[in-house]
Amino acid sequence: MMKTSLLRQAAASRVAFAARPVRMPLRASLAIRAAAPVHRPVTSLLRFYSSESAAHESAAPHQELVTRFADLPQLGVHERIVNAITKGMKYENMTDVQTMTVNSALAGKDVVAQAKTGTGKTLAFLVPIVQRIIAQDPELADRRRGKARADDIRAIIISPTRELAEQIGVEAQKLCQGTGVVVQTAVGGTQKHAMLRRTRFEGCHLMVGTPGRIHDLLSDPTTGIDAPRLGALVLDEADRMLDVGFKAELEQILKYLPSREDVPRQTLLYSATLPKNVVGLARQFIDPRNFEFVQTIKSDEVPTHERVPQFIVPCRGFENLAPTLLELIRRDVAKAKSNPDRLPFKAIVFLPTTASVMANSYIFRRLKYSDPTMPKILDIHSKLAQATRTRAAEEFRHSESAILFSSDVSARGMDFPNVTHVIQVHLPQDRDLYIHRIGRTGRAGKQGEAYIMVSDVEIPAARDRLPGLPIQRCTDFENASIDITQESELPPLFKEVQDAAHKAPFELLNDTYASYLGNAIRDVDRQDVVDEINNMAKYTWGMQEPPAVSPRLISQMGRRVSGLRALDGPSLRRGRTIGREFGDRDSYGRGGSRGGGRNFSGDGFDQMERAAREEGRPRYGGRGRGPSANF
DNA sequence: AAAAAAC
C-alpha cells in the first residue's frame with residue numbers, strides 16, 4: 001500500500017514536470033548553454049514531456065508496475081538475473097527509481113531518470129541492460145565459454161571516474177554471475193595490454209569504463225575491440241557526462257558506434273541531479289519519440305535526504321579550519337565509542353585541491369601518532385597512481401572506522417558502506433556537487449550527517465551557492481571562533497596541528513598554498529583568498545612568512561593583490577621558511593616582529609584584514625543578492 | 001598553479 005502511494009506521488013511528479021521551476025547553478029547553466037545551444041524552443045519540449053507522460057499514464061496504470069524483484073520474470077527478465085538479485089544480493093523490494101525505470105526500460109524505452117543518491121540507480125540500469133543482452137542472444141542465459149568475442153560488444157556504460165566505473169563493473173559482474181554475459185572494465189591508469197589480453201580471451205558483452213579509455217580502445221583499430229551491434233548505452237552521472245569537458249569526448253565515442261538508424265539502441269541516462277535542459281543536451285543520445293523522463297524527487301522537494309542533517313560551521317578564518325576539523329573528529333569519534341547505538345566513525349573529508357588533500361591527510365596521519373583514538377587516515381585524488389587510488393577506495397570500503405581525505409573523485413556515485421560523516425572543507429564548485437558529496441552518507445536507508453566548514457569570508461558565497469537546502473548553522477566548536485591574532489598562546493588544537501604540520505615536507509605545504517591561489521584565479525575577490533591563506537600558512541602551519549610562489553602565479557592573481565612573496569625574486573630569500581620558534585608568543589600575533597616591507601606580519605596587513613572583517617563588507621565572491629539560504 | 005579524464 002505504502003509502495004503504491006509512493007509510486008503515485010512519483011508518477012504525479014512526472015506530470016508536474018512541465019510546471020516545475022528548476023533551479024540550477026548559474027555557472028553550470030552558462031557552461032552548458034555555451035557547449036550546446038538548444039535549438040528547440042523550451043516550451044515545446046515541456047509540452048512534449050506532458051503528453052509523453054500522459055500517454056504513459058493511460059497505457060500503463062501503475063498498479064501493473066512490478067515492484068518486487070521476484071516478480072520481474074513477468075516482464076520477461078531471465079530467472080538467472082532475478083536469482084542473482086534475490087539470492088545473491090538479497091534484495092527483495094525495488095526502490096522507487098528501480099520500479100519506475102526498470103518497467104519502462106524493459107519496454108524498450110529510452111530513460112532519463114533522476115533519483116536521490118543511494119537509492120539504487122546502478123541496479124536500475126543494469127537489470128534492463130543485461131536482460132536486453134540476453135534477449136538478443138538467448139543462449140547467453142547459460143554459462144558457457146568460448147562464445148564471447150571482443151569485437152561484438154552489446155552494451156556500454158560510461159562513468160565520470162575510474163573508481164565509479166570499477167564499482168559498477170563489480171555490481172554488473174554480480175548480476176551476470178549465473179549467465180554467459182561477460183563484463184569487462186575499461187579505465188585509464190591501468191595496463192591496457194593486460195586488459196586487451198583478457199578481453200580477447202574472455203570476450204566482452206558489457207563494457208563499463210571511463211570516456212578516455214573507452215575512446216582509446218574503440219578508436220585504435222589494432223585492439224580488436226568493436227561494437228557493431230551495440231544495443232544499449234548508459235551514461236551514469238548523466239549531467240556530468242553531458243557537461244563541458246566530457247561531452248566532446250562522448251561525441252567522439254559515438255563516431256565509433258553504429259548509428260541508431262542502423263542498429264536500434266537503447267540509451268539510459270541517470271543522475272541525482274539533472275539540469276532542466278538535459279533532454280536538450282542529450283538529444284544526440286536519446287530517441288525523442290520513445291523516451292521516458294522519470295523523477296522520483298518531487299518538484300518541491302529538496303534533492304537531499306531528510307535523514308541526513310546538514311550543518312554549516314562558520315570559522316573565523318582559514319587558519320581555524322584544521323583545528324576545528326580535529327575538534328569535530330575527536331568529538332564524534334568519542335560519541336560513537338560511548339554510544340553503542342551509533343555506527344563507528346567513518347568520514348569522508350572533501351577538500352578543494354589535490355594538494356590540500358595530500359597536506360591534510362599528512363597532518364592528520366601525523367596526529368594519529370600521538371592520538372590512538374584517531375581512526376585510520378586514507379586519501380584519494382587524481383594525482384595518485386591508479387593502483388594506489390584503487391587500494392585506498394577498497395580499504396575505505398572495507399574499513400569499519402576511517403577517515404578518507406578526498407578530492408571530488410569521490411563526490412559522485414561512490415558507494416562506501418556506513419559512512420557516518422561527510423565533511424566538506426570550503427565550498428564545492430556548485431550546488432549539485434554539494435548534493436552529490438553529501439550523498440556519500442545516508443545511503444540505503446542508513447543514517448548520516450553532513451558538515452560544511454567554511455571561513456566567515458566564504459559565507460556570502462555559501463548563501464549564494466547553496467540556496468534552498470536545509471542547512472543549519474552550527475556553533476558547537478570552540479576552535480571555529482577563536483581569533484588567533486588575539487591569543488597570547490596557541491590554543492591546544494592549533495598547537496597539535498602546527499606540530500604535525502612542522503613535520504610535513506616543505507613542498508607539500510608550499511604546493512598546497514600555491515594550489516589555493518590557482519584555485520582562486522577565477523574568484524571575484526582574490527585578495528581575500530590571499531589574506532586567508534597567509535593566515536593559514538602562519539597559524540595553522542606555523543610558517544614565519546608566506547611560501548614563495550612563482551612570479552607568474554602572482555601576476556595571474558592581479559597587480560592589485562598584495563601579500564604574496566615571489567619565488568626567485570631579486571632581493572628575496574627562497575627556501576624553507578618554517579621557523580623553529582613557533583609556539584613562542586612573539587613569533588605570531590600582534591606582538592610579532594615588525595620588519596616592514598614584505599615581512600609577513602609587520603606590514604599592517606593583519607590590521608587591514610581585521611578592519612575589513614569588522615566592516616562586514618561582502619567579500620569572497622558573494623553577490624550580495626540578499627539572503628537566499630537560512631544559515 | 002586550479003575536480004576529472006588516454007597514451
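Remember, it's a predicted structure, so these values are computed and weren't measured experimentally. Here is how names work: the chains are called A, B, and so on, in the same order as the sequence lines, proteins then strands, and each is numbered from 1.
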Next on the checklist: Between A:D152 and A:R229, is there a side-chain heavy-atom distance shorter than 4.5 Å?
Outcome noted: yes

Checklist entry - Base, sugar-phosphate alone, or nothing: which one does A:R389 contact when heavy atoms must sit under 4.0 Å apart? => result sugar-phosphate

Next on the checklist: Side chain of A:S382 only, heavy atoms from C-beta on: which candidate in B:dA5, B:dA1, B:dA2 is closest?
Outcome noted: B:dA5

Item to check | Pairwise salt bridge (Lys or Arg N to Asp or Glu O under 4.0 Å) hits with a residue in residues 347-358 of chain A, at least two apart | outcome: none

Next on the checklist: Counting distance alone, no hydrogens or angles: does the base of B:dA3 have a donor or acceptor under 3.5 Å from a partner atom on the side chain of A:Q429?
Outcome noted: no

Checklist entry - Which part of the nucleic acid does A:P352 contact within heavy-atom distance under 4.0 Å: base, sugar-phosphate only, or nothing? => result sugar-phosphate

Checklist outcome for this item: To the nearest angstrom, the NE2-C1' distance between A:H381 and B:dA4 comes to 13 Å

Item to check | Qualifying residue, where the test is salt bridge (charged side-chain N to carboxylate O under 4.0 Å, His left out) with A:D379 and the options are A:R389, A:R365, A:R391 | outcome: A:R365

Checklist entry - So what does A:Y516 touch, heavy atoms closer than 4.0 Å: a base, only the sugar-phosphate, or nothing? => result nothing

Item to check | A:T210 side-chain N/O to B:dA4 phosphate OP1/OP2 under 4.0 Å | outcome: no

Checklist entry - The side chain of A:I521 lies closest to which of these nucleotides: B:dA4, B:dA6, B:dA2? => result B:dA2

Checklist entry - Between A:T354 and A:K383, is a side-chain hydrogen bond (donor to acceptor under 3.5 Å, both in side chains) present by the stated rule, with each step listed? => result CA-CA 7 Å; A:T354 58; A:K383 296 214 172 72; 2.9 Å; yes

Next on the checklist: I'd like to know whether A:S271 forms a side-chain hydrogen bond (donor to acceptor under 3.5 Å, both in side chains) with A:D239, so could you lay out the CA-CA distance, the side-chain angles of the two residues, the decisive distance to 0.1 Å, and finally the verdict.
Outcome noted: CA-CA 7 Å; A:S271 184; A:D239 53 331; 2.7 Å; yes

Checklist entry - For A:T353 and B:dA1, is the shortest distance between a side-chain N/O and OP1 or OP2 below 4.0 Å? => result no

Item to check | A:Y362 six-ring centre to A:K503 NZ/CZ under 6.0 Å and within 45° of normal | outcome: no

Item to check | Spacing of A:L509 atom CG relative to B:dA1 atom C1', expressed in whole Å | outcome: 16 Å

Item to check | A:T267: side chain to side chain donor-acceptor pair (under 3.5 Å) partners, not counting sequence neighbours | outcome: none

Next on the checklist: Distance check needed: B:dA2 P versus A:M557 CE, whole Å only.
Outcome noted: 12 Å

Checklist entry - A:Q556 near the nucleic acid: base, sugar-phosphate alone, or nothing, with a heavy-atom cut-off under 4.0 Å? => result base

Next on the checklist: Counting the atoms with a prime plus P, OP1 and OP2 as sugar-phosphate, which does A:S550 contact under 4.0 Å by heavy atoms, base, sugar-phosphate, or nothing?
Outcome noted: nothing

Checklist entry - What do you reckon, are the aromatic ring centroids of A:H426 and A:F318 less than 6.0 Å apart? => result yes

Next on the checklist: Any base atoms under 4.0 Å from A:G189, or only sugar-phosphate, or nothing? Heavy atoms, all strands.
Outcome noted: sugar-phosphate

Next on the checklist: Please classify the nucleic acid contact of A:L553 as base, sugar-phosphate, or nothing, using heavy-atom distances under 4.0 Å.
Outcome noted: base

Next on the checklist: In whole Å, I'd like the distance from the NZ atom of A:K383 to the P atom of B:dA3.
Outcome noted: 5 Å

Checklist entry - In whole angstrom, what separates A:M414's CE from B:dA3's C1'? => result 15 Å

Next on the checklist: Tell me every residue that passes ring-ring contact (aromatic ring centres under 6.0 Å, His included) with A:Y256, counting only those two or more places apart in sequence or in another chain.
Outcome noted: A:H215

Checklist entry - Among residues 154-162 of chain A, which residues get a heavy atom nearer than 4.0 Å to DNA chain B? => result A:P160, A:T161, A:R162

Checklist entry - Could you state the CD-P distance from A:E251 to B:dA5, rounded to the nearest angstrom? => result 20 Å

Checklist entry - Going by heavy atoms closer than 4.0 Å, what residues in residues 355-363 of chain A are next to DNA chain B? => result none

Checklist outcome for this item: Whole-Å distance, A:I214 CD1 to B:dA6 P, equals 9 Å

Checklist entry - Between B:dA4, B:dA6, B:dA1, which nucleotide has the shortest distance from any of its atoms to the side chain of A:S515? => result B:dA1

Item to check | Atom pair distance, as rounded to whole Å: CG in A:L351 and P in B:dA4 | outcome: 12 Å

Checklist entry - Are OP1 or OP2 of B:dA2 and a side-chain N or O of A:R552 less than 4.0 angstrom apart? => result no

Checklist entry - With a 3.5 Å cut-off and just heavy-atom distances, do the side chain of A:R240 and the base of B:dA5 make a donor-acceptor pair? => result no

Checklist entry - Do A:Y270 and A:V111 come within less than 4.5 Å of each other through their side chains, counting heavy atoms only? => result yes

Item to check | Residues that A:T223 engages under side chain to side chain donor-acceptor pair (under 3.5 Å), provided they are two or more places apart | outcome: none

